[in-house]
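For reference, the structure is listed below as structure tokens.
The residues of the chain are indexed from 1 along the displayed sequence.
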Amino acid sequence: MTTIVAVRHGETTWNRKELMQGWAPAPLTELGQEQANQVGEVLHDNYDIDRILSSDLYRTKEMTELLLEYIDAPVTFESAWREHDIGAYQGLPADEMFERFPEYGLWEVGPEAAYEKPDSGESLIEVRERVVERWEDLLSDCDSDETVLIVAHGGPIRLILGHVKEIEIAEAIMEQSQANCSINEFHYNPETGETEVIRENDTEHH
């Protein structure tokens with residue numbers, strides 16, 4: 001059985017201000033660094049991690065560097081795990097974003113909003129395609145007794161959970177939460193091809 005653990009990064013300066021973050025190089029706050037250290041201890045005590053796959057955005061790189069104080073494993077930084085690129089709308093307050101541009105809001109429009117592509121950005125459908133493609137490649141590439149850590153963002157992790165649970169993209173984004181430094185655990189059986197969600201949005205270590 002393969003174990004995959006997916007962790008969201010700690011709180012950033014833009015999280016605190018509730019700004020649309022996208023690919024912005026927002027750093028972790030002091031709280032975010034503390035959250036990273038807390039989850040690092042939990043990962044060290046509970047998992048024998050063989051390798052780390054991290055989003056290559058600034059905040060996940062910073063998060064991963066902090067986790068390496070607790071985990072001795074090789075790291076690969078990959079663009080496939082990046083958050084949704086919201087293009088021209090990066091930096092807008094979240095409430096203002098969907099007030100001014102409701103066509104991008106799943107809450108306002110419904111599933112059709114997932115196909116809307118911001119200027120110089122990507123649609124949620126495109127995000128899901130790149131994340132799920134990399135996820136499936138990972139499953140086919142994993143050793144049967146391997147433990148892999150993914151350091152990513154709220155959006156991609158919710159999309160992975162949605163893919164595993166076989167739920168629609170709108171439900172995956174709206175009905176699932178991902179707190180900063182939450183832990184998600186998956187078990188994959190290479191023989192049957194089945195994946196099971198073991199832990200989801202676990203923040204008991206905070």
With the side chain counted from C-beta on, respond yes when [X] and [Y] share a heavy-atom pair under 4.5 Å apart, and no when they do not.
X      : Y      : result
Gln33  : Pro27  : no
Asp143 : Thr2   : no
Leu92  : Arg100 : yes
Ile160 : Val131 : yes
Pro93  : Leu19  : yes
Ile183 : Val42  : yes
Glu11  : Gln35  : yes
Met63  : Cys181 : yes

Quick one: closest heavy-atom pair of [X] and [Y], and the distance?
X      : Y      : answer
Gly162 : Gln176 : N-NE2, 3.8 Å
Arg8   : Ala179 : CD-O, 3.5 Å
Pro118 : Glu116 : CD-O, 3.7 Å
Ser55  : His153 : OG-NE2, 2.8 Å
Leu28  : Gly10  : CD2-O, 3.3 Å
Ser182 : Asn201 : CB-OD1, 3.3 Å

Please round to the nearest 0.5 Å and tell me the distance separating atom [atom1] of [X] and atom [atom2] of [Y].
X      : Y      : atom1 : atom2 : answer
Leu66  : Gln38  : CG    : CD    : 12.0 Å
Glu103 : Phe98  : CD    : CZ    : 10.0 Å
Ile198 : Glu196 : CD1   : CD    : 3.5 Å
His187 : Thr147 : NE2   : OG1   : 8.0 Å
Asp85  : Trp23  : CG    : CH2   : 4.5 Å
Ile157 : His9   : CD1   : NE2   : 8.5 Å

Count the heavy atoms of every other residue, nucleotide or ligand shown that sit under 6.0 Å from [atom1] of [X], and state whether that count exceeds 12.
X     : atom1 : value
Glu99 : CD    : no
Glu96 : CD    : yes
His44 : NE2   : no

Going by atom types alone, do Thr12 and Asn15 pair a side-chain donor with an acceptor below 3.5 Å?
yes
Does a side chain donor of either Asn37 or Tyr70 reach within less than 3.5 Å of an acceptor in the other side chain?
yes
Give the C-alpha distance, both sets of side-chain angles, the deciding distance and a yes or no for salt bridge (charged side-chain N to carboxylate O under 4.0 Å, His left out) between Lys165 and Glu171.
CA-CA 11 Å; Lys165 297 176 185 178; Glu171 183 181 351; over 6 Å; no
ILVMFWY network linking [X] to [Y], side-chain heavy atoms under 4.5 angstrom:
X      : Y      : value
Leu67  : Ile49  : yes
Val132 : Ile125 : no
Val148 : Ile71  : no
Leu139 : Ile150 : yes
Leu68  : Leu149 : yes

Going through the distances and angles, do Thr60 and Glu83 end up as a side chain to side chain contact (heavy atoms under 4.5 Å, CB included)?
CA-CA 10 Å; Thr60 36; Glu83 184 58 281; over 6 Å; no
With sequence neighbours excluded, residues passing ring pair (Phe, Tyr, Trp, His ring centres under 6.0 Å) with [X]:
X      : value
Tyr104 : Tyr89
His84  : none
Phe186 : Trp135

Verify side chain to side chain contact (heavy atoms under 4.5 Å, CB included) between Arg16 and Leu31, making sure each step is shown before the conclusion.
CA-CA 10 Å; Arg16 180 167 291 183; Leu31 173 60; 3.8 Å; yes
Applying salt bridge (Lys or Arg N to Asp or Glu O under 4.0 Å) as the test, list every pair that has at least one member in residues 59-81; sequence neighbours left out.
Glu78-Arg134
Glu168: what forms a salt bridge (charged side-chain N to carboxylate O under 4.0 Å, His left out) with it, not counting sequence neighbours?
none
Hits for salt bridge (charged side-chain N to carboxylate O under 4.0 Å, His left out) against Asp50, two or more places apart or cross-chain, chain-then-number order -> none
Under the 3.5 angstrom rule, does the side chain of Arg51 hit a backbone N or O of Glu146 as a donor-acceptor pair?
no
Salt-bridge criterion met for Glu204 and Arg199 (N-O under 4.0 Å)
no
